[in-house]
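When a residue number appears, it is its place in the shown sequence, counting from 1.
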Amino acid sequence: MMSMLDGSHLEPDPVQVERTNLVHVFRLVVRQLLDAFPSGKTLDEEHAPLRHFFLVLEHILKHGLRPRKGLLGPKREIWDILQQVERLCPTAQDLTTSIRDLPTVRSAEGRARAWLRLALMQKKLADYLWILLENRETVLLPFFRPGALLLSEEGAVIAGLLVGLNCLDVNLCLKEEDLDKAEGVIDFSLYFRETDQENPVNEDSSNAENTNVAAVLDQKNYLEELNRHLTATVQNLQTRLESVTATHALTIEDLEVTRSQVKRLQEEIEELKGNKDGNKVADDFVMVQTEPEKETINSHDDAIAQLKLLLAEEKNRRLDLERELEIQAGLRAEAEMALKLVERDTHEKQDSLMALRKQLDDVKKINLELYKQLQECEIELVERGRLVEKLEDHAAHIAQVLAGLGANPNPAILPVDDTEDCSQQNGSTSG
């Protein structure tokens with residue numbers, strides 16, 4: 001029985017597993033988008049990883065969404081959450097208004113899908129999600145149950161992954177898509193690749209590496225800009241925290257002064273009560289003297305109560321600022337980690353690019369050597385051709401001599417060379 005209880009405690013939280021799976025799948029889809037399309041190319045609705053991206057993002061936004069209250073209560077939709085962005089960020093009003101005016105979209109889910117696509121085309125999707133996460137207590141908490149992905153730390157991870165997509169150009173036609181219809185399924189075969197595949201070494205691969213390096217550098221620059229923005233935000237929060245701390249210290253000092261005054265008045269009242277000698281006149285005098293003192297004490301009690309309320313409010317405000325400062329510090333740490341990963345990826349791709357360039361130089365040297373050998377062979381071939389021509393001329397000359405011998409039997413008429421040859425032949429025959 002104890003072993004069964006121990007085994008039940010070791011089971012993972014299903015909600016945590018769902019959040020982890022969604023984050024992993026989302027990271028795979030984003031990586032596929034960044035790897036498949038370098039900078040300079042435009043994505044459209046025909047690209048499968050882009051469709052998978054919107055599908056996974058919709059599941060992330062729906063994770064932990066509260067159901068409707070009762071049978072007649074309104075249904076909670078993602079569109080209701082996305083409409084809150086225009087209240088927090090005035091630049092999103094045009095986006096939301098254009099989505100409301102789309103004639104081809106009728107349902108709330110279709111408007112939410114169109115809003116996400118248009119925000120990605122404007123390269124503002126990551127910024128709008130950051131705004132929702134910064135106001136999660138006032139905007140997201142009424143819509144989601146505890147343990148939802150956007151209410152947990154994984155929400156910041158999703159927003160950080162969306163930052164990298166700002167280097168991509170997306171062009172989608174919202175009027176031609178049927179956004180009211182439910183999306184399909186994800187083909188995971190696109191995201192599981194074998195690691196032992198060999199890449200061909202040629203100029204196309206070097207150009208692809210160059211474009212990938214450019215995309216990574218663009219992403220690095222954006223992350224550096226985001227890091228500077230987060231640093232400025234943290235500095236502002238620290239300044240506000242210091243001002244709240246100073247106000248809190250002043251409030252505590254005022255409270256201590258008021259308490260000392262109240263304590264002094266109470267001591268005076270005790271002294272007046274102790275000096276009573278049982279005389280009625282003295283008692284009346286003490287009563288007459290203590291009535292204003294009681295009024296003063298009551299007024300001081302009211303002031304103390306107000307100061308306590310102000311102190312409680314300042315404490316709550318300070319706790320909120322400290323919590324926000326921790327969130328910003330976490331976001332800054334995540335941005336720095338992402339920047340380090342991008343730098344490491346950049347160094348790796350630069351090393352591979354240098355190796356490819358070295359291999360290309362080796363290939364060029366080999367081609368140069370082959371070209372030199374080819375030239376030498378051509379020169380040798382020309383020389384042999386000339387030698388063959390000389391041999392052919394000599395053979396033709398010999399043929400003419402033989403033809404002259406056959407036509408003119410008198411050796412005296414022959415040329416000197418021919419007579420010498422004939423005399424030599426006769427001497428050889430006589431010998």
Side-chain angles (χ1 to χ4, degrees), residues 81-93 124-144 146 148 150-160 162-163 166 221-265 296-340:
I81 303 172
L82 299 179
Q83 290 184 102
Q84 302 294 325
V85 178
E86 64 176 350
R87 181 174 59 84
L88 301 172
C89 182
T91 58
Q93 292 180 357
K124 293 293 185 67
L125 184 58
D127 298 334
Y128 294 153
L129 186 58
W130 279 116
I131 292 173
L132 291 176
L133 294 178
E134 289 175 356
N135 300 273
R136 67 182 70 187
E137 295 184 358
T138 57
V139 178
L140 299 180
L141 195 59
F143 288 92
F144 291 96
L150 293 181
L151 297 180
S152 61
E153 297 179 355
E154 284 83 354
V157 177
I158 297 299
L162 288 176
V163 172
N166 290 334
N221 294 330
Y222 185 82
L223 290 175
E224 289 177 352
E225 184 66 27
L226 181 61
N227 190 13
R228 285 193 292 270
H229 176 69
L230 291 175
T231 303
T233 305
V234 170
Q235 290 178 356
N236 293 331
L237 290 175
Q238 288 178 350
T239 305
R240 291 172 58 187
L241 182 61
E242 290 176 357
S243 63
V244 171
T245 305
T247 307
H248 179 66
L250 293 175
T251 306
I252 291 176
E253 291 178 359
D254 294 338
L255 183 61
E256 292 295 332
V257 171
T258 306
R259 285 180 179 176
S260 62
Q261 292 178 357
V262 171
K263 187 176 181 180
R264 182 173 55 80
L265 291 174
T296 305
I297 292 172
N298 291 330
S299 63
H300 282 294
D301 290 338
D302 295 336
I304 291 172
Q306 292 179 358
L307 289 175
K308 287 182 178 180
L309 290 175
L310 291 175
L311 182 62
E313 291 177 358
E314 292 295 334
K315 286 183 178 179
N316 293 329
R317 191 179 303 171
R318 182 178 179 180
L319 291 175
D320 294 337
L321 288 175
E322 289 178 352
R323 192 180 301 112
E324 188 174 359
L325 182 61
E326 291 177 356
I327 293 172
Q328 293 295 333
L331 295 178
R332 181 180 178 183
E334 291 176 358
E336 290 178 353
M337 182 62 69
L339 183 61
K340 290 180 180 179

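Scanning all heavy atoms of the two residues, the minimum distance from Q238 to L325 falls at CG-CD1, 4.2 Å. Annotation for A159 and A126: closest pair O-CB, 4.1 Å, computed over non-hydrogen atoms. Here the closest heavy-atom approach between residue T91 and residue Y128 is recorded as O-OH, 3.9 Å. For W130 against G160, the heavy-atom pair with the smallest separation is CZ2-N, 4.1 Å. Summarising the geometry of I131 relative to N135, their closest heavy-atom pair is O-ND2, 2.8 Å, with the distance given to 0.1 Å.
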Handout entry: Derivation and outcome, side-chain contact (heavy atoms from CB on, under 4.5 Å), residues L132 and V85
Key = CA-CA 7 Å; L132 291 176; V85 178; 3.8 Å; yes
Practice task
In sequence, state the C-alpha distance, the side-chain angles, and the governing distance for L129 and L150, and then conclude on side-chain contact (heavy atoms from CB on, under 4.5 Å).
Solution key: CA-CA 9 Å; L129 186 58; L150 293 181; 4.3 Å; yes
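Atom-to-atom distance recorded for N166:CG and D127:CG is 6.5 Å, nearest 0.5 angstrom. A distance of 6.0 Å separates CG of L241 from CG of L321, quoted to the nearest 0.5 Å. The structure places CZ of R136 at 10.0 Å from CG of L141, a figure rounded to the nearest 0.5 Å.
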For residues 251-260, dump all side-chain donor-acceptor pairs below 3.5 Å to protein atoms at least two apart in sequence or in another chain.
{"residue": "T251", "atom": "OG1", "partner": "T247", "partner atom": "O", "Å": "2.7"}
{"residue": "T258", "atom": "OG1", "partner": "D254", "partner atom": "O", "Å": "2.8"}
{"residue": "S260", "atom": "OG", "partner": "E256", "partner atom": "O", "Å": "3.3"}
{"residue": "S260", "atom": "OG", "partner": "V257", "partner atom": "O", "Å": "2.5"}

Distance-only check: which donor-acceptor pairs under 3.5 Å involve side-chain atoms of residues 327-337, not counting sequence neighbours?
{"residue": "R332", "atom": "NE", "partner": "E336", "partner atom": "OE2", "Å": "3.4"}

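In this structure E154 satisfies the salt bridge (charged side-chain N to carboxylate O under 4.0 Å, His left out) test together with R19, sequence neighbours excluded. Considering only residues two or more places apart in sequence or on other chains, A338 meets the side-chain contact (heavy atoms from CB on, under 4.5 Å) condition with L223.
Listed by first and then second residue, the salt bridge (charged side-chain N to carboxylate O under 4.0 Å, His left out) pairs that reach into residues 82-93 are E86-R100, sequence neighbours excluded. Applying the side-chain hydrogen bond (donor to acceptor under 3.5 Å, both in side chains) definition to pairs two or more places apart or across chains, those involving residues 308-322 are R318-E322, D320-R323.
No donor-acceptor pair closer than 3.5 Å links the side chain of R264 to the backbone N or O of Q261.
Other residues, nucleotides and ligands contribute more than 12 heavy atoms inside 6.0 Å of the CD atom of Q93.
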